[in-house]
Structure formats: structure tokens, C-alpha cells
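Everything quoted here is computed from the prediction, not taken from an experiment.
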Amino acid sequence: MEGVLQAGDAKDWVYKGEGAANLILSYTGSSPSMHGKVLRIKKILKDKSLPAPSCMVFSSYEQLLWGHIPELLDSVKQDCLAQAYAVHVMSKHLGANHVDGGVRVGVSRDFLELVEKNVLNSRPAWRVNASSIDSTADAALLIADHSLFSGNPRGSSCIAVEIKSKCGFLPSSEYISKENSIKKQVTRYKMHQHLKFHQGQISRTSEYNPLDLFSGSKERICMAIKSFFSTPQNNFRIFVDGSLVFGGMGGGADNVLPAEKDKCLEDLSKLSGLELPDFIELLSEAIFRSGVLGKLLATQKLDDHDIEGAIHLYYNIISQPCLVCKNITDVELLRKYTLLHSLSLDKSLKIVRDFLVSATSKDCSLMISFRPREGGTTDSVYDSVFLESVKQTYEYKAYFVDLDVKPLDKMEHYFALDQKIVNFYTRNQEVVPSPKSQGWEVRSLGLERVHKELLFVVAVVTHTSA
């Protein structure tokens, strides 16, 4: 397995999951050096008009944005930007002990083409329709499989949970327009759920509230975890010994039927010896004690201008007329935006850079893995939780994954999507399935909005597609 991965190696890699930008493979071969590893392979979108989910090369503006970090600029030439960004940017915010940069390995075109063929039937259909493996890539990222512990005690199982937590705070930026003030009261996640339901992407809205998970309250963390079990969507997955037992493959699951849930929990109990209440207690306690979500929340809050403010600094950087300002009629808001356009280039770069780092942290996943601690062991490098109900100590580790740099030119997409989400939530009376009752209810979402708002959203979308 040394050197470049070739066609003959493809049989040893199986599908584990995927996100918008990368496909993840698990190693099943016999090489000791590869055991417990996953391979992260770049994907390309089939619809070229859509914004790229992550950055592969730097534009001249991105070189300006990240030029103060030489390692990033060098990494672009070496095709290892994802690794460098995780190590030199995200680890500074999230903690080096919770970020795994991995190592770059060579891959042949034959290997990539054969892998794509082998995993085709394992991928969710909507992922297959949206993207394919980038067969022109000459390297992939080899990282530890954080759904496993190396050297697991004999006879015990490793349980791992992947949580895509989304944005854990309500924005308070002065640059949010009065018409969009609902953003300061309702989570982005909840509003986006309503739009996704309307678009047919989900069959009912989720009970999950990110504010519970990030609350710092163990009781509210428990509430958040419980809410994942009825509608995991792409926010929650459980692995036992590296194999998925609950949740969707790469975000394909919408909700779980009672029979499916019971079967999953039965399997989990059989393999781990934990009943659901014990498992929820274990996970909640680890999240509460570890403090990792505090680091994540602080990183998310680097976005202190909101996209409604940051978009103006984006236009400063690219030296283009602001498509947003030309449609603003609120004199006070326009005055604030004019002040943003008067900021120096250095200040504009910092605000947009912080926004993009925040965007990565809002979109990443947290992987927490557990294993029983052997009796008498006291010198472990891992933190631990004692579960009173089963009289067992569990070691745990926590890592953030999916820490890709967001492209600068995605700023217009972020703004257009934000306006679409909020506009839909505030304009419509929408029949949505109630998470609590699993029945139906009508939610009044207001009808006050001016037509001019739609005009500048359309203008931005048109500009992005051009």
C-alpha cells in the first residue's frame, strides 16, 4: 500500500459516507498500517452552475484573503488545501487535540474510477445525481477513522456518534434588516426546516433545537439528543465498531419509522450492552464534560456581522458595485451599510475571513467515540465518564470532521439562500407536520414583506449564475 494507490487496491476500500464535497471510504484490507483509517476523496458537482461546496484552488482574491498564512498558499500548489486549512486555521479555534489533519496519499485515475464503480450502489441516489468522484485528482486524504478506537479491549465494542450540530446561536447583528428581525428570535435551523419541507426534501420538520445542544445545560443537551432519534436527517448517526447502525448514509435519511428505530436500538443494545436511556446519559455527559461545543460555539460566533453585514465587505474585496445596497430603501440601514463600504481593505478581509471560518464551523460534524475502560486501568490518555446505571467507566475521544475552507465566491450564494429561508418563513402560511404530535398543524408565518426584497435576491442569484 506504499506509494500511489492503484486499481488493485480499490477492492480494499468500501463506502462509509459522504458530504457535499468529499466521499469517505473505510479500509477493509490486510495492511496493518491502514487498519482504522478512512480515505477522503474529492467530489465534483455535476451541475456546474452550482457553487462549489469547498475550495480546491485559490482565486486572486482568496490569495489576498488567506495570504497571511503561507502554509495555505503553499498547500494549494501541493493539492493538500483541506489538510492545511484544518491544521493551520481550524485547529487554532477548535483545539489541535480535536482536529486531525491526516496525511496526503497519491491515487491513480484507475483507482478512483474503480472505486466509483464499486461504491455506486451504496451511495444515496440523490448524492449520485448531484456529484461524482473527481477522477482527475492525484491525491486523497488519509485520516484516522474516528468512529473507532485503536487497540480496543478484547470483547468490547466501540460506539461512536456523529453530530452535525448546525448554528448554535441566534444572531444579534445590527446589520440585520427590520424585515429579517425574526432571525434574532428563531433559529436558522428551524426556518430552513420549513423551507426544506416546502421543497419536498423532508417529510416533516425536526424537533431538534441547536440552542439546546449548545446550552451548556445537561438536561437540554439530553433533550437535543432525544430529538435526533425521530428525525436524524443528516444531523445524527451512530456507529458500532465502525459500522453504521442508526441514521442515514451521507444525509440520505429523513426520519426513522418506529419499527426501524426499534430494530436499530435493539442492535445497539445487543452490541454495546447499553439501553437507550443509558446511551443518552453517556453521550450527554461526555458532551457536557468535554467542553468541545463551547469551542465550536465560540468559532461560530466569529460571524458577528451576519451575512447581511458580511456581504457588503465581500463586495469591498472584489471591488464590485454592491448588488444589495442598490435595492435598500431603509435610510438608517443604508447608512450602516455605507459605513461598511468605507472600511479599509484589511478590516474587510478580516470580517469576511471570520465569516468563512464560522461557516466551516456551522457545517462541520463532531465525532465522539466511546469504549469501556478495562478494570484497573488508570493511566489512559483519554477522558472518561462513569455511567452509574451500568457501573462502567467509558473512555471517550472527540474530533471535529469536515473542516473544509469555504470558497469566497460562495458569499453571494450564502446571502441569497439566507434571504430565501427568512423570506419563506415570514411570508407564508404553511401546513407542516408537527414534530410533537407527528400529526399536522397550520403555522401562521406572517405575510408582511415588500416586493423590492425579492428583486435584490433575484439580482444576486442572477449575478451568481452568470
Side-chain angles (χ1 to χ4, degrees), residues 21 45 48-77 81 84-85 88-89 171 173-177 179-180 302-363 404-420 422 452-466:
L45 295 175
K48 303 302 181 185
S49 68
L50 294 174
S54 67
C55 215
M56 293 186 187
V57 295
F58 275 168
S59 67
S60 57
Y61 297 119
E62 276 154 340
Q63 290 177 36
L64 194 62
L65 191 68
W66 301 108
H68 65 297
I69 308 176
E71 294 89 349
L72 278 192
L73 299 187
D74 292 341
S75 72
V76 175
K77 301 169 192 171
L81 177 57
Y85 187 73
H88 297 288
V89 178
S173 169
E174 63 178 307
Y175 303 109
I176 295 173
S177 67
E179 291 82 4
N180 290 342
L302 289 173
D303 170 21
D304 57 1
H305 280 60
D306 189 76
I307 185 59
E308 290 189 56
I311 189 67
H312 300 277
L313 289 315
Y314 163 74
Y315 285 113
N316 286 1
I317 292 170
I318 66 172
S319 301
Q320 294 289 326
C322 180
L323 293 177
V324 179
C325 283
K326 71 176 186 178
N327 294 292
I328 299 296
T329 56
D330 184 323
V331 175
E332 176 60 23
L333 195 60
L334 189 58
R335 183 189 66 81
K336 290 179 181 178
Y337 291 164
T338 301
L339 288 174
L340 287 179
H341 285 295
S342 69
L343 292 178
S344 68
L345 178 60
D346 283 347
K347 185 66 175 172
S348 298
L349 288 168
K350 183 184 185 309
I351 292 168
V352 171
R353 191 160 51 236
D354 284 347
F355 178 88
L356 293 175
V357 170
S358 171
T360 294
S361 67
K362 291 172 185 174
D363 205 32
D404 294 302
V405 57
K406 302 298 184 182
L408 177 62
D409 62 9
K410 203 174 180 181
M411 291 291 289
E412 290 177 326
H413 167 78
Y414 285 138
F415 179 77
L417 179 60
D418 178 76
Q419 298 301 293
K420 187 176 183 179
V422 180
K452 283 188 177 179
E453 286 200 347
L454 289 176
L455 294 179
F456 68 73
V457 175
V458 170
V460 170
V461 172
T462 303
H463 179 72
T464 304
S465 300

Could you state the interatomic distance from [atom1] ([X]) to [atom2] ([Y]), rounded to the nearest 0.5 Å?
X    : Y    : atom1 : atom2 : result
L340 : C325 : CG    : SG    : 8.0 Å
I351 : D304 : CD1   : CG    : 7.0 Å
L408 : M411 : CG    : CE    : 7.0 Å
I311 : Q419 : CD1   : CD    : 9.5 Å
S177 : L334 : OG    : CG    : 12.5 Å
L313 : I318 : CG    : CD1   : 12.0 Å

Side-chain polar contacts of residues 63-72 - donor-acceptor pairs under 3.5 angstrom, sequence neighbours left out - could you list them?
none

With sequence neighbours excluded, residues passing side chain to side chain donor-acceptor pair (under 3.5 Å) with D404:
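Checked D404 against side chain to side chain donor-acceptor pair (under 3.5 Å); matches are N22, R40.
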Trace of the side-chain contact (heavy atoms from CB on, under 4.5 Å) decision for V405 with V89
CA-CA 9 Å; V405 57; V89 178; over 6 Å; no
Does anything in residues 306-322 pair up under salt bridge (Lys or Arg N to Asp or Glu O under 4.0 Å), and if so which pairs, sequence neighbours excluded?
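Sorted result for residues 306-322: K183-D306, K183-E308.
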Salt bridge (Lys or Arg N to Asp or Glu O under 4.0 Å) partners of residues 55-64, not counting sequence neighbours, each pair once:
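Counting only pairs at least two positions apart or across chains, no salt bridge (Lys or Arg N to Asp or Glu O under 4.0 Å) contact touches residues 55-64.
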Using the test ring-ring contact (aromatic ring centres under 6.0 Å, His included), find all partners of H88 that sit at least two apart in sequence or belong to another chain.
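None.
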Exercise: identify the closest heavy-atom pair between S348 and I317
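S348 and I317 have their closest heavy atoms at O-CD1, 3.8 Å.
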Pairs satisfying side-chain hydrogen bond (donor to acceptor under 3.5 Å, both in side chains), at least one member in residues 333-342, at least two apart
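Residue pairs passing side-chain hydrogen bond (donor to acceptor under 3.5 Å, both in side chains), neighbours aside: H312-H341, N316-H341, E332-R335.
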By salt bridge (charged side-chain N to carboxylate O under 4.0 Å, His left out), which residues pair with [X], not counting sequence neighbours?
X    : answer
K362 : D303
K347 : none
D354 : K350

Are any of the side-chain heavy atoms of K406 and Y85 separated by less than 4.5 Å?
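No, every pair of side-chain atoms sits at 4.5 Å or beyond.
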Measure centre to centre between the rings of Y314 and F355, then say whether the value is under 6.0 Å.
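Distance test on ring centres: not under 6.0 Å, no.
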